[in-house]
There are 2 protein chains.
Amino acid sequence: MNCARPNRASKQMSRSTIKDIAKALNLSVSSVSRALRDSYEIGEETKKKVLEYAQSVNYRPNPIALGLKERRSHSICVIVPEIANNFFSEVINGIDRAAYSKGYNVFIFQSFEDGVRELQCIEHGIDRHVDGFIISLSGATGTYGHLDVLKEEGIPTVYFDRVPPFDQVDKVVVDNFEGSYNGIKYLIGLGKKRIAHISNPLNLSITKERHAGYLACLQDHGIEVDENLIQFCGFDPAEAHQTIQEMIAHHKPDAFFINSDRLTLNSLRAIKENQHLLNTSIEIVGFTNFKHVGLFNPPMIPIRQPAEAIGAKTVELLIEKIEAKRHVREPATYTLKTTLATNSMVS
Amino acid sequence: MNCARPNRASKQMSRSTIKDIAKALNLSVSSVSRALRDSYEIGEETKKKVLEYAQSVNYRPNPIALGLKERRSHSICVIVPEIANNFFSEVINGIDRAAYSKGYNVFIFQSFEDGVRELQCIEHGIDRHVDGFIISLSGATGTYGHLDVLKEEGIPTVYFDRVPPFDQVDKVVVDNFEGSYNGIKYLIGLGKKRIAHISNPLNLSITKERHAGYLACLQDHGIEVDENLIQFCGFDPAEAHQTIQEMIAHHKPDAFFINSDRLTLNSLRAIKENQHLLNTSIEIVGFTNFKHVGLFNPPMIPIRQPAEAIGAKTVELLIEKIEAKRHVREPATYTLKTTLATNSMVS
DNA sequence: ACATTTCCTGACAACGATTGCGTAAATTTT
DNA sequence: AAAATTTACGCAATCGTTGTCAGGAAATGT
């Protein structure tokens, strides 16, 4: 008897709304809304009718309308320097899986190592009413003022890997110091004495920690630090080539320790290209999450970060913060362990 | 003289809205809206006042409210099987850059090679009123019914790389046939006669095309096809190991041709692990966009896809469709060329 | 001096969904 | 039987923005 409109259901020109359902069933929008949310003030019979009809027209609530009304969007925003990176793409995987299983949608933005762009990403997220942020900072800027909005507006945020240097935020990191330390220890164990350190510029916390691990391990083993063996280098392959070439030609290292994922691959290539200048065998240890390091020649030992676990942990912390009704836990830093994959064929 | 509220501007508890500006300037919301959109029906003086105040409180229009009102969101949705993949992450880079420069926002979703999840991604995009889709299909399903929504609702869509087998859609692909063909030709030129073909299952168009290129080139050079040398293999490393081991042990290939990015890396590893079973030197050609193939041992020649260019092209086509007022161009397929990087140290 | 045009601005509805409040009918209580 | 309560639903406001329509004031034309 109710004047349903079969043409709406079949053709479905555009998404059917709560209003369409109301009209079709001769109900008010509020009743339909409440029926769908299983409110106690709607009769069982009506509820069933609504639910069935909604099903039949494949009704899905409009998240935009919802986002406008409520203050939240059931989605989180991930900002990374770049996606085309072994480590970050793995972390994103972890985030995506974890968030999905909790019913959250994930928006992924790239800062392209640019602080301005990073701020734009944050603003985009805020404008779209995301419930929280997961951020790994761009390396270009040494300033953190653009992160203040997040604090001021009280938007739940978790940082990972490249974290800001202040305390009152949640962070998920790895023990970079230990990772470095163990890598250097391994090299020393092989009898290496002149371990070159190829590092990114020190404006990121992780870089500093890794650098510190290098220094500490040398000192602990009574090896004097030779400043000539420490070189800083950006992400440009040509720059890596130049740096490595000079290092090999002038400072005769017997091993390399390399500081970050992208730099490791660039450097390895530069080492290969300059192999003819070497007269000793060389050992290489470097941070990288590339899965098939075992294929490399010259061979190298990777220091791996548990990327998926890091992603999963950030989501866990973030959602905890988002859904915390009251008593907000104190911000804390969660530290996971790196792995020195000395037998890299088995990973 | 206008009763502005400095506390709003400084504290900025939450985003300031058009309504706040109206209140502060003693105007109506509609006037403010028009002033901001530079409407001709607002006095110069008022316009200036509004613009300045908006600037001072860092006003940004709320895209959610806008998306609700209008039918569009100035954003596009990218769906790929997975991000943690050399090729896809590079394409995403291209997409992101191109879209950004045209003022579009990019949402990135992963289907995880799952057709159901792929549909969910599409629905998410639709629900969020994205203006268009850029999709590379998941490999798991051989059905395409879940793409019908896009057609029915007339949402601009461009497919790339893994495209559906029907005609009335825009596609950006590479010449897979030629890519394979040239790869095989190179191997034949080296004197290879028993070229093993490791391929993904044939349910994707790109796989079929690459397979066809392999067959055609052998035939053109008078080499009989040995079915034993053709093996199909999924994305699991253990499966690749098994496949390669059997191939080497039983069928004595003198070269390998591998069909897809991920499979290439898995297979290369398997080949390395079984190298002791080989008594001849082996040559390897495979599709991959990994940047540092020159580091690999055993060495291999990569067939590369112009990933960033593919991304840029998809965006160009999509935005053209989105912004087309009338006369919609006929759907077409755009084919870019692969590169056989025979000197892979220089890339 | 009066009618008409131009210029500027405000009120209101709409987009889709939720929610507090109001209320008629049905049911229970006294 | 009257009063109180419960049940089941509708109305209207709200979120931020745009667009349609209407209207007041000033400027122009007769």
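In the text below, chain A, chain B and the rest are named by the order of the sequence lines, each starting its count at 1.
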Undergrad: If I take atom CG in residue B:Asp127 and atom P in nucleotide C:dC15, what distance separates them, rounded to the nearest angstrom?
TA: 18 Å

Undergrad: Whole-Å distance between D:dC9 P and A:Asp38 CG?
TA: 13 Å

Undergrad: OP1 or OP2 of D:dT17 sitting under 4.0 Å from any side-chain N/O of B:Arg37?
TA: no

Undergrad: I need the NE2-P distance between B:His129 and D:dT17, as an integer number of Å.
TA: 18 Å

Undergrad: Using a cut-off of 4.0 Å between protein heavy atoms and nucleotide atoms, how would you tag nucleotides 4-11 of chain C 5' to 3' with B, S and -?
TA: ----BBBB

Undergrad: Ignoring hydrogens and geometry, is there a side-chain-to-backbone donor-acceptor pair from B:Arg117 to B:Ser111 under 3.5 Å?
TA: no

Undergrad: Could you tell me if A:Arg34 sits above the aromatic ring of A:Tyr40, with its cationic atom closer than 6.0 Å to the ring centre and no more than 45 degrees from the axis?
TA: no

Undergrad: Are B:Lys151 and B:Phe166 in a cation-pi contact, defined as NZ or CZ under 6.0 Å from the six-membered ring centre and within 45° of the axis?
TA: yes

Undergrad: D:dG16 P sits how many Å from B:Glu70 CD, rounded?
TA: 17 Å

Undergrad: Send over the distance from B:Asn62 CG to D:dT17 P, rounded to a whole Å.
TA: 5 Å

Undergrad: For A:His74 and C:dA17, what is the distance between atoms NE2 and C1' respectively, to the nearest whole Å?
TA: 16 Å

Undergrad: Establish, from distance only, whether the side-chain atoms of B:Tyr100 and A:Gln120 form a donor-acceptor pair under 3.5 Å.
TA: yes

Undergrad: Heavy atoms under 4.0 Å, any strand shown: does B:Lys19 hit a base, just sugar-phosphate, or nothing?
TA: sugar-phosphate

Undergrad: When A:Phe88 is tested against each of A:Val80, A:Asn93, A:Val78 for side chain to side chain contact (heavy atoms under 4.5 Å, CB included), which residue passes?
TA: A:Val80

Undergrad: Under a plain distance cut-off of 3.5 Å, with no hydrogens placed, do B:Ser33 and B:Ser30 share a side-chain donor-acceptor pair?
TA: no

Undergrad: Once you round it to whole Å, what is the distance between C1' of D:dT17 and NZ of B:Lys69?
TA: 7 Å

Undergrad: Expressed in angstrom and rounded to an integer, what is the separation of B:Leu68 atom CG from C:dA13 atom P?
TA: 17 Å

